[in-house]
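First comes the structure, then the notes that go with it.
We use all heavy atoms of the structure for the numbers below, so side chains are in, but hydrogens, waters and symmetry mates are not.
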Amino acid sequence: MNPLEIYQTALNVVSDAVLVGNFDRYAAMIDLPYLVHTETARLLVTRREDLRPTFDALHETLRTQGVTHYERVARAADYVDRGRIEGWHHTHLIASGERLNYPHVSRHTLVLRDGDWRFSEAHYAIKVDRWPVTREVLEAQFGVAVRAADDA
């Protein structure tokens, strides 16, 4: 597979896991330590259990907003080393055929570990200086208003 296909496949696995709330599948795609770059900080996640609060916040944000399609579309990816791919993509949030916001850009790095490609770095255009990332930060990033779970 070429690097763009590898990157897109990894994005799809993680996106699907987040949308359906499958933490184990999500966590299996993350290479620890996991470095998260934001506009204001570099955050290092070293333990699997430290991924859970941000995963839950993202899953709940998508659920309460009625997101039916969490699509991350790879735009470019390339090998920067034999076992390392860097790429970037657009994220689309769609609820029953309606866009919730404009697509936003993110970058990620994949590493080949034990025969599997896993995410080792992420670059997000958000202003956050601590982990875990909260629902409020995610909702501001996605440009969606907070709705009660009963309204979703």
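Within the 3.5 Å criterion, the main-chain N or O of Leu62 finds no donor-acceptor partner in the side chain of Gln65. Within the 3.5 Å criterion, the main-chain N or O of Tyr70 finds no donor-acceptor partner in the side chain of Thr91.
Atom CD1 in Ile6 sits 12.0 Å away from atom CG in Leu11 (nearest 0.5 Å). Atoms CZ and OG1, from Arg52 and Thr54 in turn, are 11.5 Å apart once rounded to the nearest 0.5 Å. Interatomic distance, OG1 of Thr68 versus CD of Glu98, reported as 10.0 Å (0.5 Å rounding). Tyr34 contributes atom OH, which lies 8.0 Å from atom CG of Leu51 (distance to the nearest 0.5 angstrom). Rounding to the nearest 0.5 Å places CG of Leu19 at 9.5 Å from CG of Leu93. In this structure, Ser120 OG and Leu112 CG are separated by 11.0 Å, a value rounded to the nearest 0.5 Å.
When side chains are defined from C-beta on, Ile94 does not count as touching Leu100, because their heavy atoms never get closer than 4.5 Å.
The minimum heavy-atom distance between Gly66 and Ala95, with the atom names listed, is O-CB, 3.2 Å. Between Asp31 and Val111, the shortest heavy-atom contact is OD2-CG2, 3.5 Å. The two residues Asn12 and Gln8 have their closest heavy-atom pair at OD1-NE2, 2.7 Å. Here the closest non-hydrogen pair linking Asp50 and Thr46 is OD2-OG1, 4.5 Å. Residue His104 comes nearest to Asn101 through the heavy atom pair ND1-ND2, 4.4 Å, listed as atom of the first residue, atom of the second, then distance. Among all heavy-atom pairs drawn from Leu43 and Ala41, the shortest one is CD2-CB, 3.9 Å.
Around atom CD of Glu49, more than 12 heavy atoms belonging to other residues, nucleotides or ligands sit under 6.0 Å away. The local environment of CZ in Arg118 is crowded, with over 12 non-hydrogen atoms from other residues, nucleotides or ligands closer than 6.0 Å. Open room surrounds NE2 on His69; 12 or fewer heavy atoms of other groups in view lie less than 6.0 Å from it.
Hydrophobic clustering, with ILVMFWY side chains joined whenever heavy atoms are under 4.5 angstrom apart, groups Trp117 together with Met29. Under the 4.5 Å side-chain heavy-atom criterion for Ile, Leu, Val, Met, Phe, Trp and Tyr, Ile30 and Phe55 are members of the same hydrophobic cluster. When the side chains of ILVMFWY residues are joined at heavy-atom separations under 4.5 Å, either directly or via intervening members, Val36 and Phe23 end up in a single hydrophobic cluster.
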Query raised in the report: Would Asp16 and Val14 satisfy side chain to side chain contact (heavy atoms under 4.5 Å, CB included), going step by step from the backbone distance to the final call?
Result: CA-CA 5 Å; Asp16 291 345; Val14 169; over 6 Å; no
**Report entry** Derivation and outcome, side chain to side chain contact (heavy atoms under 4.5 Å, CB included), residues Tyr124 and His37
**Finding:** CA-CA 6 Å; Tyr124 298 112; His37 301 263; over 6 Å; no
Query - Worked check of side chain to side chain contact (heavy atoms under 4.5 Å, CB included) between Arg42 and Leu35 - result: CA-CA 7 Å; Arg42 288 188 186 137; Leu35 181 59; 4.2 Å; yes
Query raised in the report: Please walk me through it: do Ser15 and Arg72 pass side chain to side chain donor-acceptor pair (under 3.5 Å)?
Result: CA-CA 7 Å; Ser15 297; Arg72 297 189 300 164; 2.8 Å; yes
Review item, side-chain donor-acceptor pairs of residues 75-87, under 3.5 Å, at least two apart:
from  : atom 1 : to     : atom 2 : distance (Å)
Arg75 : NE     : His90  : ND1    : 3.4
Arg84 : NH2    : Glu121 : OE2    : 2.9

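Checked against the 6.0 Å centroid criterion, the rings of His108 and His123 do not qualify as a close aromatic pair.
A salt bridge links Asp24 and Arg48; the closest N-O separation between the charged side-chain nitrogens and carboxylate oxygens is under 4.0 Å.
A tilted orientation is assigned to the rings of Tyr7 and His89, their planes being inclined by 30° to 60°.
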